[in-house]
Amino acid sequence: MTRHQPEPEPQRQPEPDTGRDPAAPAGRAAPAPDPAELPGGAAVEAEGIGLKGPRGWVFREVTVEAAPGSVVALTGASGTGRTCLLLALTGRMKLTEGKARIGGLRLRKQAAAVRRTAALAHVPGVDDLEPSLTVGEHLRERVLLQRRYGTAPLAALKAALRSPRQRRADARRVHDEALAAAGLDLATLPKGPRTAVRDLERLERLRLCVALALIGRPRLIAVDDVDLKLSAPLREEAWALLASVAASGVTVLAVCGEAPAGLPGDVPLVVVVTDRATGARTAEDAPAEPAPKTDDTDETEKETADALAETGRA
């Protein structure tokens with residue numbers, strides 16, 4: 001009797017790496033990560049963008065190119081569409097012409113994702129603080145809103161599975177990190193966290209707004225009227241604050257009356273000078289003296305006010 005020897009099993013060749021998630025169904029690639037959920041700052045790329053209102057162009061032919069972690073200073077005379085440009089670059093106003101990308105997101109087609117990426121830190125008429133509420137109440141409210149509405153579904157599910165003690169510890173950590181990044185020390189306020197917003201100095205209010213925006217861990221924050229009614233030393237402190245935020249990786253858009261010559265820590269600074277006639281110019285092409293106020297400037301200020309009112313209602 002002859003015995004049959006068992007045949008050796010064929011060796012399996014390693015499968016090539018296709019970049020597909022092994023847990024994903026066969027034939028279907030893993031979904032690409034949402035750019036709005038990526039860490040780090042958001043690059044700002046805009047070419048020839050413009051916004052037209054009921055009475056004409058608010059701004060036009062604006063080109064911006066800024067790397068992540070930069071400070072973009074939007075400067076120019078009052079009524080040249082600086083605030084509307086700020087809101088448009090954060091997805092709060094719809095562009096009429098041009099193309100732009102914020103953190104890889106197409107601004108005109110993915111405005112909702114851009115709004116999740118960009119946070120408003122201080123834009124009067126749009127995200128005003130409640131004067132009668134205290135600093136602590138504003139912070140607690142923002143933490144609760146962020147936990148309920150500002151978290152991705154998967155992250156919200158993971159947070160719900162944690163114990164109440166862990167959730168409180170996470171909220172406290174986010175709260176403390178935002179205050180530290182904004183340089184706001186509650187112990188230095190007149191009544192600590194029970195200090196009403198109406199009793200804050202202008203720079204302290206700016207720090208509170210930045211802290212509230214950072215609680216959502218955005219990739220970009222927008223600040224309006226950075227240097228309004230501030231003395232020269234306080235202006236330096238305000239720009240140092242924004243530079244420190246940018247140094248942490250968050251891109252900063254800031255509307256100002258006069259852009260600084262430079263920022264501490266060699267933080268990249270991009271200056272965009274808005275102009276009524278041409279929409280925007282580079283800092284080198286800006287006129288030495290502001291143009292006198294005309295009827296066209298008054299008309300533009302009306303356009304800006306109408307746009308801000310509509311954005312506030314939205």
Side-chain angles (χ1 to χ4, degrees), residues 41-42 44 64 66-78 80 82-83 85-86 89-90 118-124 127-129 135 138-139 176-190 195 197-215 218-274 280-290:
V44 180
V64 185
S70 303
V71 174
V72 182
L74 309 177
T75 183
S78 177
T80 55
R82 300 174 303 172
T83 301
L85 176 58
L86 182 82
L89 290 175
T90 56
L120 301 182
H122 177 263
V123 183
D127 67 339
D128 295 303
L129 301 175
V135 173
H138 274 94
L139 292 169
D176 293 342
E177 289 176 354
L179 288 178
L184 181 61
D185 187 0
L186 299 182
T188 62
L189 300 179
T195 303
V197 169
R198 67 165 65 93
D199 297 329
L200 295 177
E201 299 292 340
R202 184 167 182 81
L203 186 58
E204 293 172 339
R205 188 173 300 188
L206 175 61
R207 292 185 185 277
L208 175 59
C209 292
V210 171
L212 293 174
L214 293 177
I215 286 177
R219 301 177 63 196
L220 180 147
I221 66 171
V223 186
D224 194 12
D225 292 335
V226 173
D227 54 359
L228 182 65
K229 297 180 181 180
L230 291 180
S231 61
L234 292 181
R235 281 199 299 268
E236 292 183 3
E237 288 190 43
W239 285 113
L241 164 63
L242 299 184
S244 66
V245 173
S248 68
V250 180
T251 307
V252 178
L253 298 179
V255 170
C256 58
E258 182 180 356
L263 296 173
D266 295 330
V267 173
L269 174 65
V270 178
V271 180
V272 178
V273 183
T274 58
R281 302 177 180 177
T282 62
E284 292 78 7
D285 297 334
E289 297 181 358

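Just so you know, residue 1 is the first one in the sequence shown, and it goes up from there.
- With contacts defined as side-chain heavy-atom distances shorter than 4.5 Å, the pair Val223/Cys209 does not qualify.
- Counting only distance, with no hydrogens or angles, the side chain of Asp227 and the backbone of Arg235 share no donor-acceptor pair below 3.5 Å.
- Heavy atoms only, all atoms of each residue included: Ala67 and Ser70 are closest at O-OG, 2.7 Å.
- Here the straight-line distance linking atom CG of Leu241 with atom CD of Glu237 works out to 9.5 Å at 0.5 Å rounding.
- The main-chain N or O of Gly76 is found under 3.5 Å from a side-chain atom of Arg82 such that the two form a donor-acceptor pair.
- If you take CG on Leu189 and CG on Leu184, they are separated by 5.5 Å, rounding to the nearest 0.5 Å.
- A donor-acceptor pair under 3.5 Å links the side-chain atoms of Arg202 to the main chain of Leu228, judged by distance alone.
- The number of heavy-atom neighbours closer than 6.0 Å to CG of Asp176, taken from other residues, nucleotides and ligands shown, is above 12.
- Distance alone, capped at 3.5 Å, places no donor-acceptor pair between the Thr251 side chain and the Leu220 backbone.
- Of all heavy-atom pairs between Thr195 and Asp199, the closest is CG2-CB, 4.1 Å.
- Distance check, rounded to the nearest 0.5 Å: CG of Leu86 to CG of Leu253 gives 6.0 Å.
- Counting only heavy atoms from C-beta outward, the side chains of Leu212 and Leu129 approach each other to under 4.5 Å.
- Using a 4.5 Å cut-off on side-chain heavy atoms (C-beta onward), Val210 and His122 make no contact.
- Pairing each heavy atom of Leu263 with each of Ala243, the nearest pair is CB-CB, 4.2 Å.
- In this structure, Ala213 and Leu120 approach most closely via the heavy-atom pair CB-O, 4.0 Å.
- Side-chain contact between Ile215 and Leu139: present, with at least one pair of heavy atoms (C-beta onward) separated by less than 4.5 Å.
- Heavy-atom minimum distance, Val71 versus Ala246: CG2-CB, 3.7 Å.
- Across all their heavy atoms, Gly257 and Thr75 have their closest contact at O-OG1, 3.1 Å.
- With rounding to the nearest 0.5 angstrom, the OG1 atom of Thr90 is 11.5 Å from the CD1 atom of Ile221.
- By the 4.5 Å heavy-atom criterion applied to side chains, Leu200 and Arg207 are not counted as neighbours.
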